[in-house]
Protein chains: 2
Amino acid sequence: MTEDRKDRDASLPLPPDVEESLCRSGGIAGLVEQLPDDAALTRESTVHRALADPFRLKILAMLSVQPLCVCVIKAVLAIADSKLSYHLSVLKTAGLIAGDQQGNWIIYRLTEDGAMWAARPGNGPRQEG
Amino acid sequence: MTEDRKDRDASLPLPPDVEESLCRSGGIAGLVEQLPDDAALTRESTVHRALADPFRLKILAMLSVQPLCVCVIKAVLAIADSKLSYHLSVLKTAGLIAGDQQGNWIIYRLTEDGAMWAARPGNGPRQEG
DNA sequence: ACTGTATTTCAAATAATGTTGAAACACCAT
DNA sequence: ATGGTGTTTCAACATTATTTGAAATACAGT
């Protein structure tokens, strides 16, 4: 399929170390083949963006303990309703949490994805090292 | 130390399910104790922010194969020099990559942290399922 | 229907991040 | 020193994310 794997490096001058190991990787074409496709990268960057905020990480950590209604989360975070709602919507849109209505309340819980991202090195209770 | 663990939930009305399991978690105070501290959350959100971009994830994936000079990364990403430099600086600032000068080139590689974050579910080569 | 509580939505203001092209810097070879 | 190549920095601009307070929605009890 790819006709000229190694030839493509020939077009640009490289430091010796890189040239050698790149050659072993199958040249630039070989390197590219080992990368995730763009859709996967976009999907993953979306999750990271959703996790790129301390409030949201804290929400995830809380839900990691147990499902909670908004009012408890609000009591812990001590932020305005609308602000909390915004952060919840970011997490929900990213597919990390889901809310189930129960009477007057909405109880949020981790989704399968959310649980996967919450259970991660550096996410243990309290400081890590 | 914490004098009134369970009393604090008494102040706010909760859905029965949440109230019960929250009680088992030691009330709101008990829940809070299980959360990472703010410094840890901030630190982690910083890493996620650095990973919240497809270009940067692709760079990380590339360096996960082998160390590379900027010109090779540029050839794969096909973006302007200054743009690439910006994204490299974000990753470098987050402590995920480091650059070693070698003659005219700068060769970037994953740091220990970078390798840890690059080796992650959903980061395998090509689509995941 | 009406009230009260829990939560979300909206639009406007602010802040943070990403992009661009030009200029600067660092290094090697001459 | 000069010139060429690889890479970064800068400032202006464009885009996107976050915060805020007010208004809206949804539900339960009366």
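Order of the sequence lines sets the chain letters (A, B, ...), proteins ahead of strands, with each chain counted from 1.
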Within the sub-3.5 Å range, which N or O atoms of nucleotides 20-22 of chain C have a protein N or O partner, and how far apart are they?
{"residue": "dG21(C)", "atom": "N7", "partner": "Ser82(B)", "partner atom": "OG", "Å": "3.4"}
{"residue": "dG21(C)", "atom": "O6", "partner": "Ser82(B)", "partner atom": "OG", "Å": "3.3"}

What nucleotide, of [options], holds the atom closest to the side chain of [X]?
X         : options                  : result
Cys69(A)  : dT7(C), dT8(D), dG18(C)  : dT7(C)
Arg56(B)  : dG18(C), dT18(D), dT7(C) : dG18(C)
Phe55(A)  : dT7(D), dT19(D), dT7(C)  : dT19(D)
His87(B)  : dT7(D), dT19(C), dT7(C)  : dT19(C)
Asn104(A) : dT5(C), dG6(D), dT18(D)  : dT5(C)
Arg49(A)  : dA17(D), dT18(D), dT7(C) : dA17(D)

Nearest-Å distance, [atom1] ([X]) to [atom2] ([N])?
X         : N       : atom1 : atom2 : answer
Ile73(B)  : dT8(D)  : CD1   : P     : 9 Å
Gln101(A) : dA6(C)  : CD    : P     : 13 Å
Leu14(A)  : dC28(C) : CG    : P     : 16 Å
Trp105(A) : dT5(C)  : CH2   : P     : 12 Å
Leu84(A)  : dT8(C)  : CG    : P     : 7 Å
Leu77(B)  : dT7(D)  : CG    : C1'   : 15 Å
Lys74(B)  : dT7(D)  : NZ    : P     : 9 Å
Leu12(B)  : dA6(C)  : CG    : P     : 8 Å

Inset, instruction - Check whether any side-chain nitrogen or oxygen of Tyr108(B) sits under 4.0 Å from OP1 or OP2 of dT8(D), and answer yes or no. - result: yes
Legend entry - Residue mapping more 5' on DNA chain D - nearest nucleotide basis, Gly103(A) or Ser85(B): Ser85(B)
Inset, instruction - Output yes when Lys58(A) and Asp38(B) qualify as a salt bridge under the 4.0 Å nitrogen-oxygen rule, no when they do not. - result: yes
Inset, instruction - Check Ile59(B), Ile106(B), Thr93(B) against Leu88(B) for a side-chain contact (heavy atoms from CB on, under 4.5 Å) and give me the one that passes. - result: Ile59(B)
[X] side chain vs [Y] backbone, donor-acceptor pair below 3.5 Å:
X         : Y        : value
Arg109(B) : Pro67(B) : no
Ser85(A)  : Asp81(A) : no
Thr111(B) : Leu96(B) : yes

Inset, instruction - Kindly check if the number of other-residue, nucleotide or ligand heavy atoms within 6.0 Å of CD (Gln101(A)) is above 12? - result: yes
Legend entry - Closest contact, heavy atoms only, Arg56(B) versus His87(B): NH1-ND1, 3.1 Å
